[in-house]
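Single-structure report; data block below.
All ligand and atom numbering here is 1-based and tracks the order in the structure. The shown structure was predicted, so the numbers you read here are calculated from the model rather than taken from an experiment.
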Amino acid sequence: MFFFIISILFLHHVSGSDPLFTWCSPGFQDYSLNSTFHNNLELLLGSLSGNISASGFYNTSTGEDPDKVYGLALCRGDINSTICKDCVEKASQDILNNCKSQDAIIWYDLCQVRYSFQMFISMMVYTGKYPDENNQAKNVSDPARFSQVLTYLMNNLSNEAAFVPIKNMFASGEIEFSQKITIYGLVQCTRDISGTLCYNCLNSALGDLGACCSSRESGTVLSRTCNVRFGLSQFFNTSSQYLVVYPTSKGAGGKLKTWMLVLIICASVFVLAVLTGFCIACFHKKQGEDRDDEKSEKMLLQQLATPKSVTITQDGELISSEELVFMSFATIKFATDDFSDSNKLGQGGFGSVYKGVLPDGNEIAVKRLSRKSWQGTEEFKNEIIMIAKLQHKNLVKLLGCGLEGEEKFLIYEYMSNQSLDKFIFDSEKRSQLDWNTCYGIIMGIARGLLYLHEESRLRVIHRDLKPNNILLDHDMVAKISDFGMARIFCENQNTANTKRVVGTYGYMAPEYAMGGLFSVKSDIFSFGVILLEIISGKRSSGFYATKLASTLLAYAWNLWNEGKEMEFVDPLLKAECLSSEVSRCMNIGLLCVQEDPEDRPTMSDVMVLLGSESMSLAQPKKPAFSVGRSIKVDPSLMTTSSVNHIMLSTVQPR
Ligand SMILES: *[C@@H]1O[C@H](CO)[C@@H](O)[C@H](O)[C@H]1NC(C)=O
Ligand SMILES: *[C@@H]1O[C@H](CO)[C@@H](O)[C@H](O)[C@H]1NC(C)=O
Ligand SMILES: *[C@@H]1O[C@H](CO)[C@@H](O)[C@H](O)[C@H]1NC(C)=O
Ligand SMILES: *[C@@H]1O[C@H](CO)[C@@H](O)[C@H](O)[C@H]1NC(C)=O
Ligand SMILES: *[C@@H]1O[C@H](CO)[C@@H](O)[C@H](O)[C@H]1NC(C)=O
Ligand SMILES: *[C@@H]1O[C@H](CO)[C@@H](O)[C@H](O)[C@H]1NC(C)=O
Ligand SMILES: *[C@@H]1O[C@H](CO)[C@@H](O)[C@H](O)[C@H]1NC(C)=O
């Protein structure tokens, strides 16, 4: 009966009619039908099956930037060209019908097809996927030894695939586990990557395979650039396979086995001892020697070198891409002087920020993320890689990240003038700001937000925009920081309603603070508050301390209505500003904080309004007053957990 079921499963599998996994990358804006991108994609997918020919691998691109599409198809190394062509044709159709994302991949048993707006050819990104079938596999009886034998087979196959050129990055083989049971294994890489990258990819995949399936009767791990699979029945064609002999099982007598085991253990202990000694020596050397010592510097720089790929190991070790460096914990610790208090720049809702200096002298800001309960590491990695691609003059550049167990770090460029709040709410520093600088800052924030909302491939709603998150570089250019944090932290990022309200009182739009509803318009609200703060030099969240009005917004509204808008302007700015320009900014600020999100302009509207002096402005209606100071949250509307998740990161001035 059991064999019957297995063979049914097996037959079902061989037919290969259903995809094993489809991944339409979430978080990119969908392409629209009949767009240039869509046409290019159709063209590209249509050309794959015709060109894959006998080699079983094809990569290409169609169109011109920004609508260029890159594509790649790979067939399993043991199937003939007819079957390969059919599989790629089907996969191309399927991915076109089922994905609308600008980046997607589909895996079938016998082939895989991938496309993206990003150039990915010859780059390696490891983020493994596990098809559901893994969960249905039975447990084996002697898991410890099974895992050993399996590892031996798969390691041998990985070496063969990656480093034996005639294998074309594909290897399959079998190993005898017991007299009755044989383990069959298969590994493959896409042929655009180098042997070393292939080996790294397979290594990561085997790590994942071990985690999911090493005590099961079969398992599969799929990734963009490599796949691994094993089972107890022969699921591939015989011609390509060969027998791998496990060393301990070859010995006829138990004596020999024990002897070999002892040898292996001795050897391992020896190697371990040597390695440990070496590490201790290194450690002592590093400690004993001067920080600026050339050698340790070189070592660290090597760790930071940026190969043209992203490789993420199971434990989140060294991993790099052109856009993003994954730093080791040791490097980060070294750079921040073990997170010393003297290097601490601040504390925000998402964690503490430290200043760091890399061995090459470059300054960085390290954010040590606080939350321990995360979405999966897989999603974290995907998000970081995506967010690293958001690059704009008015966004703080994400340079890299680090992952080590529960610890997660984001590494940013260091901003020598720190954050906007340090300038606008500090009477001494404020005197360094003139109106032109303020106007430049406002324009900078607006450009950055416009990019996040409308111009980037990702649709990013900041959700925690406030002066602490606006950083200033040495030329006082404003750069938005912490963008994408909401994406990293909030699981239901694609829906417009969240129970977990992340934000800061005083800057949150009423519909978001009260009802958890967010949209680009809630960011616009925060932008409006910041605008009014810059003009007045008064803090929205601390406004109740004054006797002028109940909130900053009410104060602005009252003066606006009485036609006394120049009274709203900070005396330090008043001297040299153009009253028409300030009044215009105040008008825009008030439009942004309207109670009804529909009444607020979009970021592209704001850019137009800021940029033109002649364009007439709409008269603001009464803004949302209540949010400026305190929010009455009806506890029955919120679950306890959501209340806990409200982050009051900066109600008090630092
Ligand atoms: C796309 O174009 C085709 C033919 O040109 C047309 O029939 C179809 O309605 C269009 N679809 C959309 C969504 O514009
Ligand atoms: C092969 O690809 C080229 C360009 O990518 C395309 O023009 C051609 O039609 C394809 N061949 C077949 C048989 O699909
Ligand atoms: C596809 O790969 C080949 C090498 O195999 C490379 O020369 C070619 O430029 C690639 N095509 C594209 C469009 O990247
Ligand atoms: C090779 O194996 C696949 C699936 O295991 C099968 O569909 C195919 O017919 C086999 N033979 C050839 C010649 O590809
Ligand atoms: C590939 O294999 C299938 C069945 O396994 C067979 O029908 C077909 O003729 C083969 N094609 C080539 C080109 O060998
Ligand atoms: C296999 O073993 C795991 C625990 O190791 C257990 O959770 C799981 O239910 C078992 N599966 C089957 C099919 O027996
Ligand atoms: C894998 O095993 C085969 C058979 O035992 C052997 O010939 C081959 O050298 C091994 N390859 C590697 C890379 O260890």
Side-chain angles (χ1 to χ4, degrees), residues 10-11 13-17 39-64 67-93 96 108-111 113-116 119 121 148-177 182-189 192 195-196 198-200 202-203 206 228 230 234-251 260 264:
F10 174 59
L11 280 176
H13 211 86
V14 164
S15 72
S17 54
N39 295 340
N40 287 341
L41 180 63
E42 276 190 325
L43 218 64
L44 176 122
L45 291 174
S47 77
L48 293 179
S49 67
N51 277 303
I52 192 142
S53 71
S55 79
F57 175 76
Y58 183 59
N59 65 271
T60 185
S61 65
T62 309
E64 295 301 323
D67 297 304
K68 193 167 180 176
V69 191
Y70 298 86
L72 180 153
L74 173 73
C75 285
R76 221 169 69 184
D78 61 326
I79 61 170
N80 77 17
S81 54
T82 323
I83 290 161
C84 168
K85 186 170 185 287
D86 289 350
C87 182
V88 170
E89 200 171 334
K90 191 166 192 326
S92 305
Q93 265 309 314
L96 189 63
Y108 276 80
D109 188 14
L110 300 179
C111 70
V113 165
R114 176 182 179 194
Y115 72 82
S116 178
M119 162 64 191
I121 290 153
Q148 265 176 16
V149 175
L150 176 66
T151 305
Y152 186 84
L153 169 70
M154 297 310 265
N155 282 343
N156 174 297
L157 294 178
S158 296
N159 271 306
E160 296 275 326
F163 300 122
V164 180
I166 53 156
K167 295 262 174 187
N168 256 337
M169 304 221 162
F170 172 83
S172 62
E174 62 179 72
I175 194 165
E176 195 177 276
F177 173 62
T182 305
I183 309 174
Y184 297 86
L186 177 157
V187 306
Q188 184 169 25
C189 294
D192 54 327
T196 312
C198 171
Y199 186 74
N200 290 347
L202 290 174
N203 232 350
L206 291 179
V228 298
F230 76 93
Q234 189 172 333
F235 55 88
F236 45 79
N237 291 319
T238 39
S239 57
S240 59
Q241 140 226 23
Y242 67 97
L243 194 70
V244 178
V245 182
Y246 190 62
T248 49
S249 65
K250 187 164 189 179
M260 287 201 71
I264 288 168

Original post:
Any N/O of Ser81 closer than 3.5 Å to an N/O of ligand 5?
Top reply: no
Subject >> Residue and atom name of the nearest protein heavy atom (relative to atom 4 (C) of ligand 7), distance in Å to one decimal >> reply: Leu243 O, 3.4 Å
Original post:
Considering Thr82, Asn80, Ile79, which one's heavy-atom position lies nearest to atom 10 (C) of ligand 5?
Top reply: Asn80
**OP:** May I ask you to list the atoms of ligand 2 that are less than 4.0 angstrom from any heavy atom of Tyr58?
**Re:** 2 (O), 5 (O)
**OP:** Distance to 0.1 Å, residue and atom name: give those for the protein heavy atom nearest to atom 11 (N) of ligand 2.
**Re:** Asn51 ND2, 3.2 Å
Original post:
Does atom 7 (O) of ligand 7 have a protein non-hydrogen atom under 4.0 Å from it?
Top reply: no
**OP:** Working to the nearest 0.5 Å, report the span between OG of Ser81 and CG of Asp86.
**Re:** 9.5 Å
Original post:
Can you find a pair of side-chain heavy atoms, one from Asp109 and one from Arg76, that are under 4.5 Å apart?
Top reply: yes
**OP:** Would you please indicate if the ring centroids of Phe163 and Tyr199 are separated by under 6.0 Å?
**Re:** yes
Original post:
Can you tell me which residue and heavy atom of the protein come closest to atom 9 (O) of ligand 7, and the distance to 0.1 Å?
Top reply: Glu160 OE2, 4.0 Å
**OP:** Report, in ascending order of atom number, the atoms of ligand 7 lying under 4.0 Å from any heavy atom of Asn159.
**Re:** 13 (C)
Subject >> Contact check, side chains of Thr151 and Leu206, non-hydrogen atoms, under 4.5 Å >> reply: no
**OP:** Name the closest protein heavy atom to atom 14 (O) of ligand 7, giving the residue it belongs to and the distance to 0.1 Å.
**Re:** Asn156 ND2, 3.4 Å
Original post:
Going through the checks in order, is the disulfide (SG to SG under 2.5 Å) test met by Cys75 and Cys84?
Top reply: CA-CA 6 Å; Cys75 285; Cys84 168; 2.0 Å; yes
**OP:** Working to the nearest 0.5 Å, report the span between OG of Ser158 and CG of Asn203.
**Re:** 7.0 Å
Original post:
Any protein heavy atom lying closer than 4.0 Å to atom 2 (O) of ligand 2?
Top reply: yes
Original post:
In terms of residue, atom name and distance, what is the protein heavy atom nearest to atom 13 (C) of ligand 2?
Top reply: Gly50 CA, 3.6 Å
Original post:
How many angstroms lie between CG in Asp78 and CG in Leu110, if you round to the nearest 0.5 Å?
Top reply: 7.5 Å
**OP:** Would you mind checking which non-hydrogen protein atom is closest to atom 5 (O) of ligand 7, with the distance to 0.1 Å?
**Re:** Val245 N, 3.6 Å
Subject >> Leu186 and Phe170, any side-chain heavy atoms less than 4.5 Å apart >> reply: yes
